[in-house]
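In what follows, chains are A, B, ... by sequence order, proteins preceding strands, each numbered from 1. Since the structure is predicted, the reported quantities are computational estimates derived from the model, not experimental observations.
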Amino acid sequence: MPALGVRVEGVTKRLGHTLALQGVSTVFEPGRVHGIVGPNGAGKTTLMRVLTGLLKPTQGEVFYYDAQGDVSAAQAKGQTGYFPQEPSLYPDLSCREHLEFFRDLYDLPSQAFESRAKELFDATGMSAFSGRPAGKLSGGMYKKLGLMCVLLNRPRLLLLDEPTVGVDPVSRQELWELVYGFAGQETTVVLSTSYMDEAQRCSKVHILDGGVLKAADTPQALMRRFEVMQFADIFLKK
Amino acid sequence: MKLFFRRVRSVAAKEYKHILRDPFTLVVALVLPLIFVGMFGFVIDLDYKHMRLYVRDNDQTSVSRRFLQEVSSSGYFDQTPLHSPARADEALQKNNTPAVLIIKPGFGRRVKALDPADPARAQLLTDGTDNVQASIIQIYMRGIVQAASSLFTGGAEGASSLIRTRFLFNPELSSRWFIVPALSTVIIGLLAIMLTALTVAKEWENGSMELLLSTPVRPAEIILGKLIPYFCLSLFDVLVVFVLALTVFGIPFEGSFLLYMLACAVYVTGALALGLVISVVTRQQQAAIQFAFAVGLLPSFIFSGFIFPIENMPLFFQYFTALFPQRWFLLISRTLFLSDAGFAPLAPAFAGIGLFACVMIILAVFKFKTDVEP
């Protein structure tokens, strides 16, 4: 199955008295690694939730598509993997029990599950910890388990909200390798981050500030456009 | 359909693991019923017996002593003699006794004379600060006087005492027989609602609901999956109370066990679903637990007939109590414990708990949010 793309058109989202997103329009092309970058409170999580379908836009629309054409939101939901920023795993369930729980939610056949689970345990280096409860994992391992749960279904669209927050540098590196390993013809990756060095690793960066999309392009093109030598200077210069 | 059951089973299995691994839930579910049974079964006794009664016998005849013997043998009063009249007031003022009985001089002579114009006199002073107890003492004493007068007159004047009242199903009117069969109502009312009230709110607070909602799982699957383990746990509690009622308290069970378990199953389902509605609406554990206490505990005590008889309530509240399943389940439970009634007389009560369960399940499913909108 080919990767899913998302087209966001004029999305505004009001949360109480706050305008979390204001007329955001951008395209997340299929098969690429997209970064939503911005300071705290920029609206990254809100945009993530809108892309997942967990928040409905107050104005504007979100369209999903692939090489064949448009895909309905309901169809896209079943083929999207989303790992939220906040801790969202069950502390008392082991890594293996988490995967088994998600296997049933995604209705995966047993054989396919076994081979995918092995593949994911090997790729993350978590095989030795399969019986350890999520509450007793380190920050990096916890994020890896979350990633494993959402990758189990081989999503065509993978949404990761600040996946490297609270993770040591080595684990961050490993997480990035994992993400790049799964991105490609069959999976589009959209991740949000506040780390500028991470933004530069994305093939396309969407800069959000105060709920407004400032720009969206490759990191190199953005540095040229904002006339800066370092990516972080884009925010310092504004 | 296969997919539906697979997801329900998966959510139920996950919930079952949470219960087994959470000591708090286990203690609440398994120890609380025992505490309730102990508290209500042993400690709370609505029968007034062995009340202290200060007695001043100013007659000191064989008749007055015989009368006091009747008072003692009733079992309601433990007598303490008063040696001076002044101490009667003092005893009442200091709350040493709920009542004082003073036998006037000439009591024995007047009893023997049988003159209606000059009856034997005894005075009963009761402490009105506890008006319930004071009324009960007066009723008990009236019965003793009636029985004693019948004894002294050889039955000639005690015609009224020939009228005997016989109470069906609970001949001794033991409050324990009345309370213990109703305990399931309170235990389920509190436990089932409280346990499920926490389960969805906990997922919202832990952040796991956001992850769960991003998967293809549907609200009905989450609701059913969460109901099943708590349903089994609550039915286990019901059985524990049932066995304790029969073995420890010696309460008879006259009705159909199957009918009783059917009623328990329907009532438990309604209570669990109500807990889920609270959880789905509040999304916070603290608020959920407060709501659960309010809607679980209060109606169980106040609007069910557990302590206060519904027929003694103002008309509006008599109808109002019909909204609470506790009222209907309590009726079923007491009836099936103490009489051999079949389904027909209990049909309206079954309809009451059934309707409540259906409404709550529908509410829980429809109120379940599939997004994270505030």
**OP:** Select, from A:Val150, A:Leu108, A:Leu89, the one with the greatest count of heavy-atom pairs under 4.5 Å involving chain B.
**Re:** A:Leu108
Original post:
Of A:Leu157, A:Val190, A:Asp161, A:Leu159, which meets side chain to side chain contact (heavy atoms under 4.5 Å, CB included) against A:Thr52?
Top reply: A:Leu159
Original post:
Should the pair B:Lys226-B:Glu203 be classified as a salt bridge under the 4.0 Å nitrogen-to-oxygen rule?
Top reply: yes
**OP:** With salt bridge (charged side-chain N to carboxylate O under 4.0 Å, His left out) as the test, would you mind laying out the steps for A:Glu162 and A:Lys143 before giving the verdict?
**Re:** CA-CA 10 Å; A:Glu162 306 227 20; A:Lys143 297 277 184 179; over 6 Å; no
**OP:** Report the option among B:Thr215, B:Leu213, B:Thr370, B:Val11 that has the most heavy-atom pairs separated by less than 4.5 Å from atoms of chain A.
**Re:** B:Thr215
**OP:** Specify which of B:Met209, B:Arg9, B:Lys17 makes the most heavy-atom pairs with chain A at under 4.5 Å.
**Re:** B:Lys17
Original post:
What part of A:Lys13 gets closer than 4.5 Å to chain B, counting heavy atoms only: side chain, backbone, both or neither?
Top reply: side chain
Subject >> Electrostatic pair B:Lys202:B:Glu205 at N-O distance under 4.0 angstrom >> reply: no
